[in-house]
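Structure first, then comments.
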Amino acid sequence: MNTKIYVLHFSKETSDQPMISALVRKYDVDFNILKATILQGNDGLMVLELKGHKKNVQDALSSLKSQGVTVDSISTIIRRDDALCFQCGACTGVCPTKALYLKRPEMTVLFDPDKCTGCGLCIAVCPVKAMQVDVNEDIGLLS
Amino acid sequence: MASPQFIVEKTYDEINARIKAGEAVVVTAEEMVNIVKEMGAVEAARKVDVVTTGTFAPMCSSGVFINFGHTNPTIKASEVTINNVNAYAGIAAVDVYLGVAEVAQGDPLNKVYPGSFSYGGGHVIEDLVAGKTVTIKAKAYGTDCYPATEGGKEICLADMPFAMLTNPRNCYQNYNCAINLSKKTIYTYMGTLMPNGKNANYCSAGTLSPLFNDPLYKTIGLGTRIFLGGGIGYVISHGTQHKPSAPRAENDTPTRPAGTLMLQGDLKKMSSRFLKGISMQGYGTSLAVGVGIPIPILNEEMAAYTGVADEDLKTKVVDYSYDYSHGVARDYGEVSYAQLKTGEIEVNGKKVTTSPLSSIVMAREIAETLKQWIESGDFLIEKPIQTLPTE
């Protein structure tokens, strides 16, 4: 099973289409809507967790893209500024998916964006604010 | 002269002569672990002249004495801010002390809980060493010799007449492993602690930590030359809250917070790589300070001391939701730094995730840097004028 969180942008032409229910019927994926909103200009934004067999998830995403929906993995929105990070490791205790982890025995702090679910806990605990949300893509994760 | 107490005996002069000749054998405290394990303390003492240590972690009792230079007309500055952070000005005209835990004016602090404390004295210090210009604003009541009642300047570190990093309490010799046994998340200087003992935070460089390698302060004292914030500094005293009487293990290392150091060094020679302003959510601002102390291997006792590994170094687990803040001496067992570094310990029979606040990667870099300084012949080992109190 594959679980990942995606940020979907719907253009105003597509934001009134029942696309998510179509996904469930066609591709046998589970979904969990973490956030959904209509933005200015009537385009839409949705933060969606998709769970299913890898191929089904990929096909579901391809289908969305073919209908003009922009799909980003949430991990591309949370990033680490490596110049700021001083490798303390404070984030590793709060990260629920071990996307932030210590490589032992060196005790280097590593970030694996593929495992990041975008919960944002690391952003608040990082003492030098090395974990950041892309400003242009801030979708109110922490609100 | 008394008969030799040790099989190997070296003097500071002999070690320094070897450093000057480029012949000194210098290793880091991490490297020393295996050397002592393989050849024993006596042979290790014959082979190794100096062991370098390092640590890089938040050290809240830090700050800088600044003289920002006179204005025209002159001012007996009595209220001073630097980048909107209050500096203590109750000393002579245009002298101030800026502490790292001072939060910028107007910060909502914990009124919006947990506060984010985005800028404070530690950040000002980092900005200064990074070469940035800061804004100083001063107010005064005016005297005949210092008539100005208001003044200020935009100034960078290079243009300040004097800036001396002076830290009343650094380099804690061991520290608590913090846990939260209450039902709600708490925000402490030991980081964010989740409820029901879900995680535990610790803060020591373990085997690399300076005072773990000279547990009874036999070579560290007033006048010891050290690596401080990327430049050269000195130990100028034992630090505030220095508590040498803490319980100790058989290898003489304390199993609780014990000794501390007061440190000083010229800020102008330091680097923002080794001084980083930090914000602890819900707690406040601080400064992560890089410190490295060289330990001369005068005899096999010092070789044995510097050979300690993470498994030989222990601390206790302390509950920060109630016990710490109410002086309750209950403890939840001792754990070694080797256990802590695995990322998991056991408390009350439950597995608890551990995470560090002290950067081992930076500590190692500091120990390596100090090693290179000594190997290049530029950095000599200073014999302390007075060693630190041991009781």
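None of these values were measured; they are calculated from a predicted model. Chain letters run A, B, ... following the sequence lines, proteins first and then strands; every chain starts at 1.
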For A/E106, which residues count as a side chain to side chain contact (heavy atoms under 4.5 Å, CB included) partner, sequence neighbours excluded?
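Here the qualifying residues are A/K103, A/T108, B/R364.
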Could I get the full list of side chain to side chain contact (heavy atoms under 4.5 Å, CB included) partners for A/S21, not counting sequence neighbours?
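Listed in chain order: A/P18, A/R25.
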What part of A/C126 is in contact with chain B, defined as an atom under 4.5 angstrom from a non-hydrogen atom: side chain, backbone, both or neither?
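For A/C126, the contact with chain B is made by the backbone alone.
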Chain A contact residues among residues 194-204 of chain B, heavy-atom distance under 4.5 Å
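Counting heavy atoms that sit under 4.5 Å from chain A, the residues of residues 194-204 of chain B involved are B/M194, B/N199, B/Y202.
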For A/Y27, all residues meeting ring-ring contact (aromatic ring centres under 6.0 Å, His included), sequence neighbours excluded
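Not a single residue meets the ring-ring contact (aromatic ring centres under 6.0 Å, His included) criterion with A/Y27.
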Side chains of [X] and [Y]: is there a donor and an acceptor less than 3.5 Å apart?
{"X": "B/S62", "Y": "B/N170", "result": "yes"}
{"X": "A/Q67", "Y": "A/S63", "result": "yes"}
{"X": "B/N83", "Y": "B/Y119", "result": "yes"}

Residue part contacting chain A, namely of [X], when any heavy atom lies under 4.5 Å:
{"X": "B/S279", "answer": "both"}
{"X": "B/K341", "answer": "both"}
{"X": "B/S118", "answer": "both"}
{"X": "B/A57", "answer": "neither"}

Would you confirm whether the ring centroid of B/Y189 sits within less than 6.0 angstrom of the ring centroid of B/Y320?
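Close enough - the centres of the two rings lie under 6.0 Å apart.
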B/Y113 and B/Y187 aromatic centres sub-6.0 Å:
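Under 6.0 Å, so yes.
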Chain A contacts, top residue of B/R273, B/M280, B/K276 (heavy-atom pairs, under 4.5 Å)
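Between B/R273, B/M280, B/K276, the count favours B/K276.
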If the threshold is 4.0 Å, N to carboxylate O, is there a salt bridge linking A/R79 and A/D81?
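No salt bridge links A/R79 with A/D81.
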